[in-house]
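Notes to accompany the following structure.
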Amino acid sequence: MLTEWQLSVLVLLYISPICNEDENLSIAAAMLTRTSRLVSGARRLDPGRLLHAGSQAPQSLAAPLDNQAPDDSPRAVSRTSEKDPVKTFSEACLMVRKPALELLHYLKNTNFAHPAVRYVLYGEKGTGKTLSLCHVIHFCAKQDWLILHVPDAHLWVKSCRSLLPSTYNKQRLDQPAEASIWLKNFKTTNERFLSQIKVQEKYVWNKRESTEKGSPLGEVVEQGIMRVKNATDAVGVVLRELKGQSSLGGFRLLVAVDGVNALWGKTTLKREDKSLVAPEELALVHNLRKMVKNDWHGGTIVLTLSQTGSLFKPRKAYLPQELLGKEGFDALDPFIPILVSNYSPKEFESCIQYYLENSWLQHEKAHTEEGKKELLFLSNANPGQLERLCAHL
Amino acid sequence: MAAPCVFWGAAVSHRLFLGGRISLALRQGVWKAAAAELQVGTGILRLRHTTGVTAKKNVAALRRETYTVDFIKKQIEEFNIGKRHLANMMGEDPETFTQEDIDRAIAYLFPSGLFEKQARPIMKHPEQIFPKQRAIQWGEDGRPFHFLFYTGKQSYYSLMHEAYGKLLDVEKRQNQLQAKGLFSEKTKTKDLIGSRWLIKEELEEMLVEKLSDQDYAQFIRLLERLLTVECSAEEEEFVQRFRRSVTVQSRKQLIEPLQYDGQGMAFSTSEGKRKSAKAEAVVYEHGSGRIKVNGIDYLLYFPVTQDREQLMFPFHFLDRLGKHDVTCTVSGGGRSSQAGAIRLAMAKALCSFVTEEEVEWMRQAGLLTADPRVRERKKPGQEGARRKFTWKKR
């Protein structure tokens, strides 16, 4: 399972070249799992270096991507040239697939005066929901939207070390660690906007610190990062502000949440008296739920369901009804479901070609037709399974 | 036979030898001796220890179990009588009661759950049970009967002598023919197909004599040399005595008939078992390689790669990876045995779409054989089937 950090790093990969205002708008899209392995293996926790690697590999395919009509587009692999053959997969590569293209088409044709449309990506385990989400995020980042990305909502409802009673509302619980991590990511993702957006109310953090009305959002974020105790409240403030201000039209907001079924499921967190915590009692979850409601306009909400990190759900469940539960389904009710399925034969072929070109498959039989057929059978064209199989070859 | 039992039950039960060799002669001898002693003892109030006698007899028996000719003859008579009794019991005609009938009758009367076939009750002719023994090789004056007795392996050397004699005869005849000019080449190889030479154990059994590997090899070489030259009918017959036939295909695989469903697509069904899992597979002739297990896609049903590799094996072996669609149902067992059961069922079903040769290849690859391994039972006094309790010295 991808950690929040890794996903956020990849978002950085997308965003940084754009922020640097390169002439060649690089499509540094990431094949998350590969880079995650590389990241953990080759170059340890060093976002700076990764940025460097990302910008090192430009190739402008921006124009074709925008002009592609989704209906008859081939399953093209938009890839970056490998300037660094020594480091494996220093490039970041995504496969352009139908669900993502569909989503992008809808996004291009959205009317921002209407309330935000919700899209839910669902599908079997390992079919590529998270990567499609990342593709969409990248697209929006290129288009200069403000990205509100929660890499994995499941992390907020399980194995949290520190739970504090909320300073704002006595009944709720704070999660300082997760909140501060998220704020850091948010800061690096949307540097540009932090100075642009102005806070519309005065917020008092404690006796000594407060944020005046009209100060930039960056201050709130800084406050949250520095004073970890107030991090959750800072997150809540950020969300509220963004929601309010996106309707004004200064910028477009994309809310991207991965594993949204965590918001309505059960948690594994317990209070000191060993009583279970319901998700509503977590301030982060509460605020995010408000964000995901479509009572604002000026942006879109793209969500992904995930069984992998979910708690107490059967392995074979993948439909929205099963994973969200009744409560979640009602809360999200008018949404557009988008099914992400296994690879089609062409997609499978192109995936194998990519591996072969990058010399990822070392087995002598991998080049042959029989080898490909074997891989196809064993993985049943499931991207996750295929990736795991090829890792051994 | 310590106490004489008259009724036929004993006679029959007597003939049941639980495999192995039971020195009945020994027992009889011992008991007779003991009975004699006791009778004498009770008569003259003299108790004599019979342990000394028994001990001596035991040592002698361990060295070589000798069955006298009379003893064997008596056993054969008793066997025949027992056979007739058994036929009467089963309500069949004693005259036409064959060995297979005997086996069936014994299996019916004494059902045994033992896995080892040789440990079950058997009733066979004494010649098959008692090992062949050699009669005394010398006469009353101490002079041996056979002229090669002092070689130590008289039957083997006499056989070699005979074979070589035949070879010399054949060569002499060929020379004569050549001299006359009527020599003609003829090679025959058809005799060799479908038959094999006797193995060393079989030859030893035939000659009732121990052989060494070199002796055996020498003998076979001589026979092969005899075969290369052209020989007459009697020499052929002589050589054929030492060949056993071998079936080309040990078992004919049952091929399921093809069935046709509504759309005209051919399909074939078959079952498979492994441990305690039972599976039934329906393989369609034209498809794209999708497999559904109990209505669920095989990728979801078998998340482990090993199980999917098992399913892949039959298709990969026949190079038909993406060509068939399969629907199967499976129940019982664990994930590995379910995978094995489905594999067997699919392989059997594929037989009907495939040539005979490929069926034979599959059989040799082990795709069509049900795995006989089952869970071994736990034994008392041990923790598991093989694991013993921790051994404590004191």
Side-chain angles (χ1 to χ4, degrees), chain A residues 1 33 122-129 305-310 313-319 322-323 339-349 351-352 361 363-393, chain B residues 281 283-331 334-336 338-340 342-343 345-347 349-350 353-354 358 361-362 365 367:
Chain A
M1 193 58 207
T33 42
Y122 72 102
E124 298 272 356
K125 188 166 137 181
T127 45
K129 304 180 281 289
L305 298 177
S306 167
Q307 195 277 330
T308 326
S310 73
K313 287 279 183 258
R315 186 168 59 86
K316 301 198 177 128
Y318 73 99
L319 299 167
E322 296 163 352
L323 281 176
L339 173 66
V340 183
S341 57
N342 288 332
Y343 281 153
S344 71
K346 269 201 238 172
E347 288 175 343
F348 181 81
E349 208 31 65
C351 188
I352 300 270
L361 298 174
H363 201 270
E364 25 335 304
K365 259 203 177 166
H367 302 267
T368 58
E369 272 305 311
E370 300 116 28
K372 285 183 198 157
K373 275 197 215 163
E374 276 185 54
L375 284 173
L376 178 63
F377 187 97
L378 280 178
S379 64
N380 200 18
N382 184 297
Q385 279 299 321
L386 179 65
E387 195 260 310
R388 254 172 245 161
L389 278 175
C390 296
H392 298 294
L393 293 175
Chain B
V283 176
Y284 293 91
E285 195 179 351
H286 301 291
S288 58
R290 270 166 309 157
I291 304 186
K292 281 229 163 224
V293 184
N294 287 353
I296 303 175
D297 196 42
Y298 70 108
L299 187 68
L300 297 177
Y301 195 84
F302 292 120
V304 181
T305 314
Q306 176 198 338
D307 300 334
R308 272 175 277 138
E309 277 176 13
Q310 287 287 301
L311 295 191
M312 190 174 77
F313 185 19
F315 296 111
H316 182 58
F317 187 76
L318 298 169
D319 261 333
R320 285 163 178 250
L321 264 177
K323 296 195 191 145
H324 295 282
D325 262 350
V326 183
T327 313
C328 38
T329 50
V330 68
S331 61
R335 70 168 171 94
S336 185
Q338 280 189 345
I342 299 180
R343 178 187 110 178
M346 285 205 298
L350 273 177
F353 296 115
V354 140
E358 293 188 318
W361 291 343
M362 281 217 284
L367 275 170

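In what follows, chains are A, B, ... by sequence order, proteins preceding strands, each numbered from 1.
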- request: Would you check if B:R308 and A:Q385 make a side-chain contact, meaning some heavy-atom pair closer than 4.5 Å?
  value: yes
>> Tell me if the CZ atom of B:F302 is crowded by more than 12 foreign heavy atoms within 6.0 Å.
In response: yes
When rounded to the nearest 0.5 Å, the distance separating CG of B:D297 from CG of A:N342 is 7.5 Å
Output, in order, the C-alpha distance, side-chain angles, deciding distance and verdict of ring-ring contact (aromatic ring centres under 6.0 Å, His included) for A:F377 and B:Y298. CA-CA 10 Å; A:F377 187 97; B:Y298 70 108; 5.3 Å; yes
CG of A:L378 to CE of B:M312, rounded to nearest 0.5 Å, is 4.0 Å
When rounded to the nearest 0.5 Å, the distance separating CG of A:L376 from CG of B:L321 is 8.5 Å
Look at atom CZ of A:R315 and say whether more than 12 heavy atoms of other residues, nucleotides or ligands are closer to it than 6.0 Å.
yes
Output for pair (A:R388 CZ, B:T305 OG1), nearest 0.5 Å, gives 8.5 Å
To the nearest 0.5 Å, atom CG of B:D319 lies from atom CD of A:E369 at 11.5 Å
Honestly, the part of A:K373 sitting under 4.5 Å from a heavy atom of chain B is both
